[in-house]
Amino acid sequence: MAGMTSSARPLLNRRLAEFGTTIFAEMSALALSTGAINLGQGFPDTDGPEEIREAAVRALRDGRGNQYPPGPGVPELRTAVTAHQQRRYGLSYDPDTEVLVTAGATEAIAAALLALLEPGDEVIAFEPYYDSYAACIAMAGGRRVPVTLRAHEDEGRFRLDLDELRDAVTDRTRLLLINTPHNPTGTVLTRAELAAIAELAVERDLLVVTDEVYEHLVFDDAEHVPLATFPGMRERTVTISSSGKTFSFTGWKVGWVTGAPELVTAVRSAKQYLTYVSAGPFQYAVAEALSLPESYFTGFHADMLTKRDLLAAGLAEAGFRVYRPSGTYFITTDIRPLGESDGFAFCRGLPERAGVVAIPNAVFYDHREEGAPFVRFAFCKRTGVLEEAVKRLSRP
């Protein structure tokens with residue numbers, strides 16, 4: 001046939017052969033075809049602050065960012081990021097050499113791993129993990145080594161086994177990929193756990209990439225402590241965050257990297273061949289968002305806390321075992337009390353049975369059996385939507 005090669009060689013390279021269409025695309029399509037409420041994919045169903053939308057419009061009208069912005073990001077945003085890090089955590093960064101603006105946190109992760117890994121390097125990540133981690137490690141030629149966060153029913157949370165983490169480090173380990181607050185389990189690593197991770201990284205001379213996009217969504221007695229604040233960590237840590245989760249503009253795809261100059265330079269070397277630059281006018285708007293008064297952040301937090309409690313109570317009432325999250329806007333549940341054990345089958349049937357979409361946590365595991373009975377729901381939706389979802393899930 002014209003246009004076909006005579007070789008039977010697969011078109012997709014073997015590094016990416018295991019990665020097909022994401023579960024988010026599958027579940028979102030199910031939501032559309034069934035009219036189900038989509039509590040699967042983690043995006044809000046309302047926009048963020050009106051003044052920040054207007055800031056983006058103003059930037060467009062004023063011609064700021066309509067052409068290529070500077071490679072590292074616009075100075076206003078880089079300065080706002082450094083001010084945020086200093087104000088929140090006492091971390092000082094140079095906006096000219098220690099900040100890089102990216103196309104969301106996903107590109108930041110990809111660029112960091114492409115820049116810092118050699119083929120065959122081992123990367124330790126906590127499973128379950130955001131699905132792009134595995135794909136980005138594969139694209140960089142690395143080898144992922146999962147350390148499993150395990151469910152503790154008595155505590156109602158998922159916990160890290162520090163001994164298991166230490167045992168996972170070998171002479172081939174190059175990098176730790178840390179996510180806290182953690183998606184999908186909602187775990188927030190404690191100060192003691194982070195101190196132990198920092199000590200291990202210094203002892204074994206490891207690089208660390210931290211995904212902290214949910215830094216402003218921490219509940220109850222938990223606290224978010226950046227790993228870069230610990231002794232010996234600033235010079236070996238690439239810290240990643242973004243605007244999407246905090247300001248509810250996920251479509252703008254504005255993220256950033258902070259770190260020592262040599263780390264940021266390395267990440268930029270890879271990033272410039274991915275998107276080069278992106279989101280010019282939105283960068284100016286996000287700079288203003290980071291400077292919003294504290295009342296915005298406390299209000300946003302209070303709203304999400306109320307929604308967490310509403311959905312958690314409804315899921316428990318419906319018979320799920322609920323792991324109440326200390327951070328993020330996701331709730332992980334165990335379906336075994338419902339007489340179910342296969343999260344994939346459960347989630348694929350749920351839209352027809354109850355008119356609600358969720359995500360099977362097993363997609364976030366290398367050890368699929370570990371995640372088989374767990375299902376994730378997102379609560380970053382309007383209160384009325386969550387109330388309707390709870391009503392549907394509670395039906396016999």
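Fair warning: this is a prediction, and the values are worked out from it, not measured in the lab. Below, each value reflects all heavy atoms present in this structure, side chains not excepted, and no hydrogens, waters or symmetry copies.
Aromatic rings from Phe346 and Phe374 are positioned such that their centres are separated by 6.0 Å or more. Residues Phe158 and Tyr323 bring their aromatic ring centres within 6.0 Å. The aromatic ring centroids of His182 and Tyr214 lie 6.0 Å or more from each other.
Note that Arg64 lies in the cation-pi zone of Tyr284, set by a 6.0 Å cut-off to the ring centre and a 45° limit from the axis. Under the 6.0 Å distance and 45° angle rule, Arg88 counts as a cation-pi partner of Phe297. For the pair Lys381 and Phe43, the cation-pi test (distance below 6.0 Å, angle within 45°) is passed.
The only option from His84, Glu212, Glu215 that meets the side-chain hydrogen bond (donor to acceptor under 3.5 Å, both in side chains) definition with Ser241 turns out to be Glu215. Just one of Arg324, Arg308, Arg157 meets the salt bridge (charged side-chain N to carboxylate O under 4.0 Å, His left out) condition when paired with Asp220; it is Arg308. The residue from Thr210, Leu207, Val209 that alone fulfils the side chain to side chain contact (heavy atoms under 4.5 Å, CB included) condition with Leu177 is Val209. For the pairing with Ile124, the side chain to side chain contact (heavy atoms under 4.5 Å, CB included) check across Ile178, Val145, Leu200 returns one residue only, Val145.
Rounded to the nearest 0.5 angstrom, Phe282 CZ and Leu60 CG are separated by 6.5 Å. Note that CG of Leu113 and CG of Leu175 are 6.5 Å apart. Values are rounded to the nearest 0.5 Å. Note that OG1 of Thr187 is 6.0 Å distant from CG of Leu149, once rounded to the nearest 0.5 Å.
Cluster annotation: Val213 and Val238 are assigned to distinct hydrophobic clusters (Ile/Leu/Val/Met/Phe/Trp/Tyr, side-chain heavy-atom contacts under 4.5 Å, transitive).
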* Asked: Which is it for Thr148 and Glu164 under the side chain to side chain donor-acceptor pair (under 3.5 Å) test, yes or no, and what are the steps along the way?
  -> CA-CA 8 Å; Thr148 306; Glu164 188 175 344; 4.5 Å; no

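Heavy atoms from other residues, nucleotides or ligands lying under 6.0 Å from CD of Glu203 number more than 12.
Using a cutoff of 4.0 Å between basic side-chain nitrogens and carboxylate oxygens, Arg144 and Asp366 are scored as salt-bridged.
A side-chain N or O of Asp211 and one of Tyr133 form a donor-acceptor pair less than 3.5 Å apart.
The aromatic rings of Phe300 and Tyr296 lie parallel to each other, their planes meeting at an angle below 30°, with 60° marking the opposite boundary.
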